[in-house]
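For ligands, and for the atoms within them, numbers begin at 1 and follow the listed sequence. Just so we're clear, the structure is a prediction, and the values are computed from it rather than from any experiment.
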Amino acid sequence: MSTLESVAQSYQQFNPRAYLQNNYVPPRADFTNEDSVVQWKLRCLADACATGEIAGQTLVDIGSGPTIYQILSASEHFEEVVLTDYLEVNRGELRRWLQDEPGAFDWSPYMKHVSKLEATGGTWQEKQKRIRERVKKVLPVDIHQSDPLGEEISGGSVDALVSTFCLEACSPNLDMFKKALGNITKLLKPGGHLLLIGALEESYYLAGEAKLNVVPVTEEIVRNALSDARYEIKKFKTYVMPPALKVGVDDVNGVFFAWAQKQDSQ
Ligand SMILES: C[S@@+](CC[C@H](N)C(=O)[O-])C[C@H]1O[C@@H](n2cnc3c(N)ncnc32)[C@H](O)[C@@H]1O
Ligand SMILES: O=[N+]([O-])c1ccc2c(c1)CN[C@@H](CO)C2
């Protein structure tokens, strides 16, 4: 079995609800503590989007999983948002929330927090409604394919990409990590923006019965990979995981945030 096949096989056991419980409810999703990782992630995304430089027609989130927090700020600046994941179980969780169906995960604490951060005057309910209107598709994706979205979205047509905790969590080694970054970068127009969040120095994480291998990356590795993929790095920030948030669901040591712009082809 190839290493990619073994990655794919390990994801067959991925449990979205367990994953959400491990990472998106307290203590990791603590909105009362401004030093919490969730507030740091949302602030990085909101600050980058507040510059007004990241805007256009189409925003694609690569490897959405069962989560939508990652597009709460960026989605305000695009006509159309596309969520993607490798697993149907995750695409189903996304659709449940988008259609406001019973049993969907409650993202309202995130909506409320980001609405306050952005302070654009509207209510969090209005923001939630806008997001549900702007997300037009939930598509399958495979970052290890040279055309990760197949026929659905062709190369060079996307104004901006978001991707959080995906590249390192489904690449068996650094070569595949860098190759996958190259694959998703081809989706971007020249001058397009990438908002990338990921795990620092993590080797595994749990999602119910699934134990997923992660290729450990450092700030230097990520910076070099972005430069090799012909990005200009506009912002790079890191967060050190406090002991209280090392809760046994992974061995992550920190989180990185990168805002990078694809260089014009020449
Ligand atoms: C750690 S989760 C990240 C979820 C979410 N973006 C977040 O911020 O929590 C990694 C995601 O990568 C997806 N994935 C696994 N293999 C993939 C592949 N070959 N291409 C794209 N995504 C993949 C998984 O289904 C899972 O949803
Ligand atoms: O601290 N967090 O907010 C947080 C959120 C999601 C994830 C992590 C940490 C670490 N593991 C990754 C999977 O590789 C998923």
Side-chain angles (χ1 to χ4, degrees), residues 2-16 18-31 35-42 44-45 60-72 83-94 105 107 110 138-150 161-172 176-177 179-181 183-184 187 195-208 210-217 239-242 244-257:
S2 80
T3 44
L4 282 185
E5 283 166 348
S6 61
V7 171
Q9 185 165 49
S10 64
Y11 270 98
Q12 296 314 305
Q13 278 71 48
F14 184 95
N15 177 330
Y19 178 74
L20 289 164
Q21 288 306 313
N22 290 349
N23 293 293
Y24 294 102
V25 301
R28 286 186 170 183
D30 174 1
F31 289 95
D35 297 331
S36 73
V37 61
V38 68
Q39 294 208 29
W40 181 85
K41 291 192 294 185
L42 295 173
C44 287
L45 292 162
V60 176
D61 178 37
I62 299 291
S64 307
T67 73
I68 58 123
Y69 72 93
Q70 61 272 23
I71 55 114
L72 296 185
L83 302 179
T84 73
D85 199 71
Y86 184 71
L87 296 175
E88 175 49 36
V89 285
N90 284 329
R91 298 193 297 267
E93 278 294 335
L94 295 172
F105 187 77
W107 291 104
Y110 294 74
V138 180
L139 299 178
V141 66
D142 183 349
I143 62 172
H144 300 307
Q145 302 300 317
S146 63
D147 214 356
L149 294 167
L161 293 174
V162 172
S163 188
T164 52
F165 299 110
C166 177
L167 294 177
E168 69 280 0
C170 52
S171 298
M176 298 301 289
F177 172 89
K179 194 165 180 317
L181 176 59
N183 291 339
I184 67 170
L187 295 168
L195 295 174
L196 187 66
I197 286 179
L200 288 171
E201 296 161 350
E202 181 180 60
S203 69
Y204 81 90
Y205 76 99
L206 304 177
K211 178 176 181 182
L212 296 311
N213 294 321
V214 180
V215 59
V217 296
Y239 174 91
V240 176
M241 196 63 78
L245 296 186
K246 294 187 173 183
V247 293
V249 298
D250 51 42
D251 63 348
V252 70
N253 279 298
V255 180
F256 70 83
F257 166 79

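Rounded to the nearest 0.5 angstrom, W40 CH2 and D35 CG are separated by 13.0 Å. With values rounded to the nearest 0.5 angstrom, C170 atom SG is found 5.5 Å from Y11 atom OH. To the nearest 0.5 Å, atoms CD (E202) and CG (N213) are separated by 10.5 Å. Taken from CG in L167 to CD1 in I197, the straight-line distance is 12.5 Å, to the nearest 0.5 Å. Distance check: M241 CE to E201 CD gives 11.5 Å after rounding to the nearest 0.5 Å.
Ligand 2 lies nowhere less than 4.0 angstrom from a heavy atom belonging to V38. Residue L245 places every heavy atom at 4.0 Å or more from ligand 2.
The only member of V162, V60, I68, T67 that meets side chain to side chain contact (heavy atoms under 4.5 Å, CB included) when paired with L83 is I68.
Heavy-atom contacts from other residues, nucleotides or ligands closer than 6.0 Å to CD of E88 number more than 12.
Of all protein heavy atoms, the one closest to atom 6 (C) of ligand 2 is Y24 OH, 3.4 Å. Closest protein heavy atom to atom 14 (O) of ligand 2: E202 OE1, 2.5 Å. Scanning all protein heavy atoms for the shortest distance to atom 9 (C) of ligand 2 gives R28 NH1, 3.4 Å. Atom 3 (O) of ligand 2 has K41 NZ, 3.1 Å as its closest protein atom, hydrogens excluded (heavy atom only). Counting protein heavy atoms only, atom 8 (C) of ligand 2 is closest to N23 OD1, 3.7 Å. Taking atom 1 (O) of ligand 2 as the reference point, the nearest protein heavy-atom neighbour is M241 CE, 3.2 Å. Shortest contact from atom 2 (N) of ligand 2 to any protein heavy atom: V37 CG1, 3.8 Å. Nearest protein heavy-atom neighbour of atom 15 (C) of ligand 2: Y19 OH, 3.3 Å.
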Check: every ligand 1 N/O to protein N/O pair under 3.5 Å:
| from | atom 1 | to | atom 2 | distance (Å) |
| --- | --- | --- | --- | --- |
| ligand 1 | 6 (N) | G63 | O | 2.8 |
| ligand 1 | 6 (N) | S64 | O | 3.3 |
| ligand 1 | 6 (N) | T164 | O | 2.7 |
| ligand 1 | 6 (N) | T164 | OG1 | 2.9 |
| ligand 1 | 8 (O) | Y24 | OH | 3.4 |
| ligand 1 | 8 (O) | Y69 | OH | 2.6 |
| ligand 1 | 8 (O) | T164 | O | 3.3 |
| ligand 1 | 8 (O) | T164 | OG1 | 2.7 |
| ligand 1 | 9 (O) | Y19 | OH | 2.5 |
| ligand 1 | 9 (O) | Y24 | OH | 2.6 |
| ligand 1 | 19 (N) | D142 | OD1 | 2.9 |
| ligand 1 | 20 (N) | I143 | N | 3.0 |
| ligand 1 | 25 (O) | D85 | OD1 | 3.4 |
| ligand 1 | 25 (O) | D85 | OD2 | 2.7 |
| ligand 1 | 25 (O) | N90 | ND2 | 3.4 |
| ligand 1 | 27 (O) | D85 | OD1 | 2.7 |
| ligand 1 | 27 (O) | D85 | OD2 | 3.3 |
| ligand 1 | 27 (O) | N90 | ND2 | 3.1 |

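Residues satisfying the ring-ring contact (aromatic ring centres under 6.0 Å, His included) criterion with F31, sequence neighbours excluded, are Y110, H113. When the side chain to side chain contact (heavy atoms under 4.5 Å, CB included) test is applied to S163, the partners found at least two apart in sequence or on another chain are I62, C166, L196. Residues passing the ring-ring contact (aromatic ring centres under 6.0 Å, His included) test with Y19, sequence neighbours excluded: F14, Y24, Y205.
Side-chain N or O atoms of R28 include one that pairs as donor or acceptor with a backbone N or O of L245 at under 3.5 Å.
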